[in-house]
**Student:** 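The structure under discussion is supplied below as structure tokens; questions concerning it will follow.
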Amino acid sequence: MTRMLTCREASELISQRFERRLSWRERFGLRLHLLICDACTRFARQMRWLQAAARRFGLKYAGEESAARLPEVARRRIGEALERSR
Ligand SMILES: [Zn+2]
């Protein structure tokens with residue numbers, strides 16, 4: 001049975017999708033959650049922006065390596081944002 005993700009689970013998936021490939025079930029659950037949740041939609045948008053910004057600064061993203069290449073400052077900010085949202 002598919003159940004609705006909590007905001008905490010959704011935000012974890014949102015940050016993880018830059019670090020690993022999500023399963024279809026995870027992607028489906030996340031998509032469903034984003035349809036009904038403004039807060040997580042905003043968070044997803046911020047994460048996309050952050051990734052695009054990092055790319056503009058010349059970092060190359062290649063699948064699973066992306067997390068390792070995120071600047072330390074950005075990783076810390078993401079962590080703090082997640083903590084605040086819990
Ligand atoms: Zn949510």
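Atoms considered below: every heavy atom in the structure, side chains included; atoms not considered: hydrogens, waters and symmetry mates. We count ligands from 1, going down the list as the structure has it; atoms in each ligand are counted the same way.
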**Student:** How many angstroms lie between atom CD of Q46 and atom CD1 of I78, to the nearest 0.5 angstrom?
**Tutor:**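 Here the rounded value is 10.5 Å.
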
**Student:** Between SG of C7 and CD1 of I14, what distance do you get to the nearest 0.5 Å?
**Tutor:**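 Nearest 0.5 Å value for the SG-CD1 distance: 9.0 Å.
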
**Student:** Please give me the protein atoms (N, O or S only) lying under 2.8 Å from the Zn ion (ligand 1), ordered by chain and number.
**Tutor:** C7 SG, H33 NE2, C37 SG, C40 SG

**Student:** For E9, what residues pass the side chain to side chain contact (heavy atoms under 4.5 Å, CB included) criterion, not counting sequence neighbours?
**Tutor:** R3, L5, T6

**Student:** Can you pull out every salt bridge (charged side-chain N to carboxylate O under 4.0 Å, His left out) where at least one residue sits in residues 26-37? Sequence neighbours excluded, please.
**Tutor:** R20-E26

**Student:** Measuring from L32:CG to M4:CE, what's the distance to the nearest 0.5 Å?
**Tutor:**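 One gets 4.0 Å once the value is rounded to the nearest 0.5 Å.
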
**Student:** Applying side chain to side chain contact (heavy atoms under 4.5 Å, CB included), name anything that partners R77, two or more places apart in sequence or on another chain.
**Tutor:**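 If we apply the side chain to side chain contact (heavy atoms under 4.5 Å, CB included) test to R77, skipping adjacent residues, the hits are V73.
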
